[in-house]
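Let me begin by presenting the structure, written as structure tokens, before commenting on it.
Model, not experiment: these values are computed from the prediction.
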Amino acid sequence: MRRRRAGGRTMVERASKFLLVVVGSACFMLILYQYAGPGLSLGAPGGRAPPDDLDLFPTPDPHYEKKYYFPVRELERSLHFDMKGDDVIVFLHIQKTGGTTFGRHLVQNVRLEVPCDCRPGQKKCTCYRPNRRETWLFSRFSTGWSCGLHADWTELTNCVPGVLDRRDPAALRTPRKFYYITLLRDPVSRYLSEWRHVQRGATWKTSLHMCDGRTPTPEELPPCYEGTDWSGCTLQEFMDCPYNLANNRQVRMLADLSLVGCYNLSFIPEGKRAQLLLDSAKKNLRGMAFFGLTEFQRKTQYLFERTFNLKFIRPFMQYNSTRAGGVEVGEDTIRRIEELNDLDMQLYDYARDLFQQRYQYKRQLERRQQRLRSREERLLHRAKEAPPRGDAEEPGRVPTEDYMSHILEKW
């Protein structure tokens with residue numbers, strides 16, 4: 001008896017240990033998946049596309065404090081982009097905001113009925129509509145720099161219609177609808193990234209800066225350097241040039257420069273000019289069909305997909321280790337950069353708030369719709385599982401004695 005009891009105890013202990021190991025392994029795998037799962041090779045170039053029901057997008061921050069009031073119409077951004085019609089997406093590419101990566105997403109990573117034709121060795125892709133040989137995308141990688149290198153809002157809005165009319169004469173009688181999009185970036189990071197780019201020899205000399213039908217004179221836009229480029233310049237030299245277009249570049253690229261006399265700084269006082277530029281940039285940004293933020297890649301992907309009803313094949317990846325991130329600068333230098341880019345700092349603060357509110361609104365609306373669909377599906381499922389009701393007719397009512405007496409009395 002003692003041997004049997006001892007054997008039974010041993011079996012119970014073994015079973016308990018085995019169960020403990022299984023439960024521990026399951027918990028470990030669950031924790032490992034939560035931390036490592038989202039970072040697996042889903043977004044690697046050439047990787048497989050994630051399943052449609054896999055939610056790769058971050059949860060909105062419930063503690064985010066709104067700074068600006070935006071009406072619902074500014075948050076909805078429900079567009080009906082018709083690729084088979086005459087709608088065109090116009091990408092306003094601001095330097096050093098991650099626009100090259102996003103531009104490649106547009107021509108290589110969108111799930112389309114007729115994918116863009118991107119051939120090896122060619123800088124541009126052919127992005128035709130599904131029903132005719134006409135482009136639906138105006139960008140660096142589809143139409144090239146047709147309106148000048150890194151054309152701004154002032155240049156694009158005056159140039160794009162004419163360029164497309166010359167490319168597709170058959171569409172002259174059909175009015176197009178243009179959907180402008182852009183990316184913004186933290187001004188300090190963007191400024192440092194541009195300095196490093198210029199330091200390596202970039203100039204953007206071929207930019208037209210067309211405004212009110214003409215380019216700026218050398219007196220209106222003096223160069224910051226002598227020679228072919230500004231390669232090797234120090235950060236201090238970069239900051240010291242008063243004509244450096246890197247200063248407040250994002251505001252200048254998004255504002256209507258005609259309001260301030262283009263590049264003629266004597267047209268209106270400096271303070272009024274700055275406020276007009278900032279207000280115009282905010283207005284144009286709000287009016288754009290879409291804008292994203294370099295620091296929020298997944299949220300940018302989410303808003304673009306919901307705005308245009310287009311899906312990307314592979315998810316966007318967030319790369320925090322950029323060239324700008326590798327630059328070590330002191331607090332005094334950062335404050336100096338913020339002063340030089342004061343308008344950009346104000347614009348980015350405004351844009352980030354609008355971006356976060358749009359994201360929160362879309363996510364909440366989508367989750368509410370999902371809950372309603374789930375509720376309807378449950379009700380439908382219960383209705384199907386409910387036992388069928390009998391269709392037999394109710395037995396005929398027998399006339400009561402009082403009713404029969406009343407009939408007989410009348411008779």
Side-chain angles (χ1 to χ4, degrees), residues 90-97 99 138 140 143-163 166 180 182 187 190-191 193-195 197-285 336-337 339-344 346-347:
V90 182
F91 180 32
L92 194 162
H93 184 173
I94 302 174
Q95 290 95 318
K96 312 314 294 178
T97 58
F138 192 100
R140 167 189 178 181
T143 55
W145 301 112
S146 302
C147 291
L149 180 62
H150 286 288
D152 54 38
W153 187 91
T154 307
E155 292 177 288
L156 286 176
T157 52
N158 287 282
C159 166
V160 170
V163 169
R166 289 191 295 271
Y180 285 83
T182 193
R190 199 214 64 79
Y191 190 85
S193 182
E194 179 165 341
W195 163 61
H197 198 54
V198 168
Q199 193 183 47
R200 294 190 299 272
T203 62
W204 298 301
K205 278 183 178 180
T206 56
S207 295
L208 300 176
H209 305 301
M210 188 70 68
C211 180
D212 284 350
R214 68 177 184 88
T215 58
T217 64
E219 291 74 26
E220 292 174 333
L221 193 59
C224 284
Y225 57 89
E226 295 179 358
T228 56
D229 57 42
W230 206 6
S231 59
C233 73
T234 64
L235 180 56
Q236 189 63 48
E237 292 172 337
F238 193 73
M239 293 188 295
D240 287 344
C241 178
Y243 316 110
N244 193 346
L245 290 180
N247 300 340
N248 293 312
R249 184 180 287 279
Q250 296 181 99
V251 165
R252 183 183 61 80
M253 293 283 285
L254 292 176
D256 182 359
L257 300 181
S258 300
L259 299 174
V260 295
C262 300
Y263 293 88
N264 182 4
L265 301 183
S266 62
F267 186 76
I268 55 175
E270 181 180 354
K272 185 177 180 181
R273 174 187 174 88
Q275 192 60 50
L276 282 173
L277 287 173
L278 179 59
D279 291 344
S280 177
K282 287 180 178 179
K283 177 185 175 182
N284 292 336
L285 187 71
R336 176 61 177 154
I337 294 174
E339 290 173 0
L340 291 171
N341 293 273
D342 178 60
L343 298 182
D344 271 12
Q346 295 182 62
L347 175 66

Item to check | Spacing of E339 atom CD and M239 atom CE [to the nearest 0.5 Å] | outcome: 10.0 Å
Checklist entry - How many angstroms lie between CE in M253 and NE2 in H93, if you round to the nearest 0.5 Å? => result 8.0 Å
Item to check | Flag, side chain of R252 to backbone of L277, donor-acceptor distance under 3.5 Å | outcome: no
Checklist entry - Do L156 and F138 come within less than 4.5 Å of each other through their side chains, counting heavy atoms only? => result yes
Checklist entry - Would you say the side-chain atoms of E155 pair up with the backbone N or O of D152, donor to acceptor, closer than 3.5 Å? => result yes
Checklist entry - Which heavy-atom pair separates V163 from S146 by the least distance, and what is that distance? => result CG1-CB, 3.8 Å
Checklist entry - Does the side chain to side chain contact (heavy atoms under 4.5 Å, CB included) test come out yes or no for H150 and I94, once each step is laid out? => result CA-CA 6 Å; H150 286 288; I94 302 174; over 6 Å; no
Next on the checklist: Can a side-chain donor-acceptor contact be found between D229 and T203 if the only test is distance below 3.5 angstrom?
Outcome noted: no
Checklist entry - Which atom names give the shortest non-hydrogen contact between R190 and A246, and what distance separates them? => result NH2-O, 3.0 Å
Item to check | Under 3.5 Å donor-acceptor, D344 side chain and R249 backbone | outcome: yes
Checklist entry - Is a side-chain donor or acceptor of W230 paired with a backbone partner of W195 at a separation under 3.5 angstrom? => result no
Item to check | Exercise: identify the closest heavy-atom pair between E237 and C233 | outcome: OE1-CA, 3.2 Å
Checklist entry - Looking at residues at least two apart in the chain, or sitting in another chain, which of them share a ring-ring contact (aromatic ring centres under 6.0 Å, His included) with Y191? => result F238
Next on the checklist: Would the distance check show the side chain of T206 and the main-chain N or O of L149 forming a donor-acceptor pair, the cut-off being under 3.5 Å?
Outcome noted: no
Checklist outcome for this item: All heavy atoms of T182 vs all of F91, minimum pair found to be CA-CE1, 3.9 Å
Checklist entry - What do the steps show when you test H209 against W204 for ring pair (Phe, Tyr, Trp, His ring centres under 6.0 Å), and what is the final call? => result CA-CA 11 Å; H209 305 301; W204 298 301; over 10 Å; no
Next on the checklist: To check you understand the geometry: which heavy-atom pair defines the closest contact between I268 and R273, and what is its length?
Outcome noted: CD1-CA, 3.5 Å
Item to check | Value rounded to 0.5 Å, distance of CD in Q275 from CG in L278 | outcome: 5.5 Å
Next on the checklist: Treating S280 as the side-chain partner and D256 as the backbone partner, does any N or O pair qualify as donor plus acceptor under 3.5 Å?
Outcome noted: yes
Checklist entry - Does S193 reach the main-chain N or O of K96 with its side chain, forming a donor-acceptor pair under 3.5 Å? => result no
Item to check | Over all atoms of both residues, closest heavy-atom pair of P216 and L208 | outcome: CD-O, 3.9 Å
Next on the checklist: Rounded at 0.5 Å granularity, tell me how far CG in D342 sits from CG in L347.
Outcome noted: 11.5 Å
Item to check | Side-chain donor or acceptor of K205 paired with backbone N/O of T228 under 3.5 Å | outcome: yes
Next on the checklist: For L340, is there any backbone N or O sitting under 3.5 Å from a side-chain donor or acceptor partner on N248?
Outcome noted: yes
Item to check | Any donor-acceptor N/O pair, N158 side chain to T154 backbone, under 3.5 Å | outcome: yes
Next on the checklist: If you define the side chain from C-beta out and look only at heavy atoms, does anything of E270 sit under 4.5 Å from L265?
Outcome noted: no
Next on the checklist: Nearest 0.5 angstrom please: N264 CG to T217 OG1, how far?
Outcome noted: 8.0 Å
Checklist entry - Atom CG of L259 and atom CZ of F267: how far apart are they, to the nearest 0.5 Å? => result 9.0 Å
